[in-house]
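The structure displayed is predicted, hence computed values, not measured ones. Note on naming: letters A, B, ... go to the chains in the order of the sequence lines (proteins, then strands), and numbering restarts at 1 for each one.
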Protein chains: 2
Amino acid sequence: MHEDILGPESRDFVTALASGLEVIRAFDSEHPRMTLSEVATRTGMNRAKARRFLLTLHSLGYVRKQHRYFELAPRVLHLGYAFLSANNYRGVIQQYLEDITNEIGESSSLGVLDGEDVIYVARSAAKHRLMAITLSVGTRLPAAHTSLGRILLAQLDNEELESYLSKVDLTRYTDKTITDIDELRNQIIVARQQGYAVADQELDPGLRSLAVPAYDAKHHLIGAINVSTNAARVDMDTLLGVYLPIMQKKAAQIRLNVN
Amino acid sequence: MHEDILGPESRDFVTALASGLEVIRAFDSEHPRMTLSEVATRTGMNRAKARRFLLTLHSLGYVRKQHRYFELAPRVLHLGYAFLSANNYRGVIQQYLEDITNEIGESSSLGVLDGEDVIYVARSAAKHRLMAITLSVGTRLPAAHTSLGRILLAQLDNEELESYLSKVDLTRYTDKTITDIDELRNQIIVARQQGYAVADQELDPGLRSLAVPAYDAKHHLIGAINVSTNAARVDMDTLLGVYLPIMQKKAAQIRLNVN
DNA sequence: TAATAATGTTCGTTATGCGAACAAGGGGCG
DNA sequence: CGCCCCTTGTTCGCATAACGAACATTATTA
């Protein structure tokens, strides 16, 4: 059940906290270092306001300042790490992911839904690189075009799924990207029925992946686990005929052993 | 040069942001889920205050609420990820760490100093588990008792090093843990002289590691890279005679190739 | 059933955070 | 070299966002 959520107009909403977090998120791979004015522009804030947040984050150790330039400090990892360390099943799941990588020789990850994205929360990387970008814990990708995201969307009830479909903006990444909302709905329903999802070169040419949901012993959804491979190396028969049973077996082990 | 740092008494310091971040950090592996009152107690805040921050974080998607219990949501990974994605050299260094793991068969990591700790910012894990805890990006360990931390401390100038030594509180983890401040200073000076550091079973029985500093082509210190192994499997002669040259070669490659 | 403890919430008050305006620095051009 | 303009840094009067004491509600225990 969805708890009532505070609106920004509520007297209980702390706008300074919200703005401060927005300053942190303004930094990314395209904007690793910024001046005060650049931060103000990217966040839509008054320059004096952005300055106060940057100086506060700097004094707390989350931001480094060099002359006029600001960049995030490693200490911000502590904020995300708080989530990882609070999740005691991650270490356990990590072992299963490493088993998959050892057995199949491909990368395997645990992902969870967050809004319209899937976030990687545990990962076992194979030796070879699959994608142009480096995937790591914390990476977020659109749920619609990943096997992890698609099988997680399949676990939603109908109302939640329709809510998602009514909001999602489908972007084309490759020739194979699904951009029709009805086709996406159908793929998710099929995933729901067959208990697994496949994403085939929708996000990155050559990237082919398969995911199954991961439940714990109390029937709580932990997330989904996947195996990622390259279409040139693994055909669909192998993916479904060899990899799928392995993934299903791992998911069954997780369901039996993870509390 | 250390930039002047804002004090919490300054009118430019945003106390609401500082308090909100403290609420996030209150969650850890011992306190994965807490009630409002528990958060208030752990942070020393008035309950109504803690409530406002929790509800704000909840509305922003950083915290989940179940009845009276709060827990961090995966979205907080986005805050730490902002640092990782802003660091464009990480993908490059990752490759070198994986080379080390492939060549030596042991785990290798990149770490940076943050206060009295060393934070892992990139990691290549070997197949076998070395420590009781799962190390991952974001993990922080005391700099004094790790090879990464020790070689990073060795890169500080004398004033910075003495400042660190005057504040650090040395905790004993094993029988081999250095707890004498003068002995630690000496170890760091030796590391400075020989260009590498070793930590031998100070943090965890059996854990033996070696680290060298990693500079980029512009002579900026990126961090330190290490190799971690088990004392039962690798003796000191092998560590220094075989592993050290490999690490030094990798550091030299990083210095030549990383901008 | 009543008392007590724990937790949830409100709203008068004030100190925090906002932003317009001023100050300072840097670069370009005549 | 001096002036102008643009960019960046900083201040402080003021309004309201956030604080916390006190009230409200719920859960537990005797």
Check your understanding: Rounded to whole angstrom units, what separation is found between the CE atom of B:M45 and the C1' atom of D:dA18?
Key -> 12 Å
Review point. When the ring centroid of A:Y215 is compared with that of A:H220, is the distance short of 6.0 Å?
Key: no
Check your understanding: Can the ring centroids of B:H58 and B:F70 be said to lie less than 6.0 angstrom from one another?
Key -> no
Check your understanding: Nearest-Å distance, CG (A:L54) to P (D:dT10)?
Key -> 12 Å
**Study point:** Residue whose closest nucleotide on DNA chain C lies nearer the 5' end, B:L17 versus A:D12
**Key:** A:D12
Check your understanding: Within the structure shown, what part of the strands sits under 4.0 Å from A:R68 by heavy-atom distance: base, sugar-phosphate, or nothing?
Key -> sugar-phosphate
Exercise for review: Of all the heavy-atom pairs spanning B:D204 and B:T174, show the shortest one and how long it is.
Suggested key: N-CG2, 3.7 Å
Point to revise | Separation of C:dG17 P from B:F13 CZ (nearest whole Å) | key: 9 Å
Check your understanding: Reckon A:Y69 touches a base, only the sugar-phosphate, or nothing at all at heavy-atom distances under 4.0 Å?
Key -> nothing
Point to revise | Rounded distance in Å - CE (B:M34) to P (C:dA6) | key: 18 Å
Check your understanding: Is there a donor on the side chain of B:R11 or the base of C:dG17 sitting less than 3.5 Å from an acceptor on the other?
Key -> yes
Check your understanding: Just to confirm, is there a sub-4.0 Å distance from OP1 or OP2 of C:dT7 to any side-chain nitrogen or oxygen of B:S37?
Key -> yes
Point to revise | Atom-to-atom span, NZ of A:K49 to P of D:dG9 - whole angstrom | key: 19 Å
Review point. More 5' along DNA chain D: A:R52 or B:T15, using each one's nearest nucleotide?
Key: A:R52
Check your understanding: Rounding to a whole Å, what distance do you find between A:H58:NE2 and D:dG9:C1'?
Key -> 15 Å
Review point. Phosphate oxygens OP1/OP2 of C:dA6: is one of them under 4.0 Å from a side-chain N or O of B:T35?
Key: no
Review point. How close or far is atom C1' of C:dT9 from atom CZ of B:R47, stated in whole angstroms?
Key: 9 Å
Exercise for review: For the pair A:E38 and A:R33, evaluate salt bridge (charged side-chain N to carboxylate O under 4.0 Å, His left out) and give the outcome as yes or no after the intermediate values.
Suggested key: CA-CA 9 Å; A:E38 283 169 337; A:R33 287 160 53 95; over 6 Å; no
Exercise for review: Could you work out which one of D:dC19, D:dT11, C:dC18 sits closest to the side chain of A:A48?
Suggested key: D:dT11
Exercise for review: Please state how far atom CG in B:N46 lies from atom C1' in D:dA22, giving the value in whole angstrom units.
Suggested key: 11 Å
Exercise for review: Walk me through it: do B:Y96 and B:N257 pass the test side-chain hydrogen bond (donor to acceptor under 3.5 Å, both in side chains)?
Suggested key: CA-CA 11 Å; B:Y96 289 102; B:N257 297 310; 3.2 Å; yes
Review point. Checking all strands, does A:A16 fall into the base, sugar-phosphate, or nothing category for heavy-atom contacts under 4.0 angstrom?
Key: sugar-phosphate
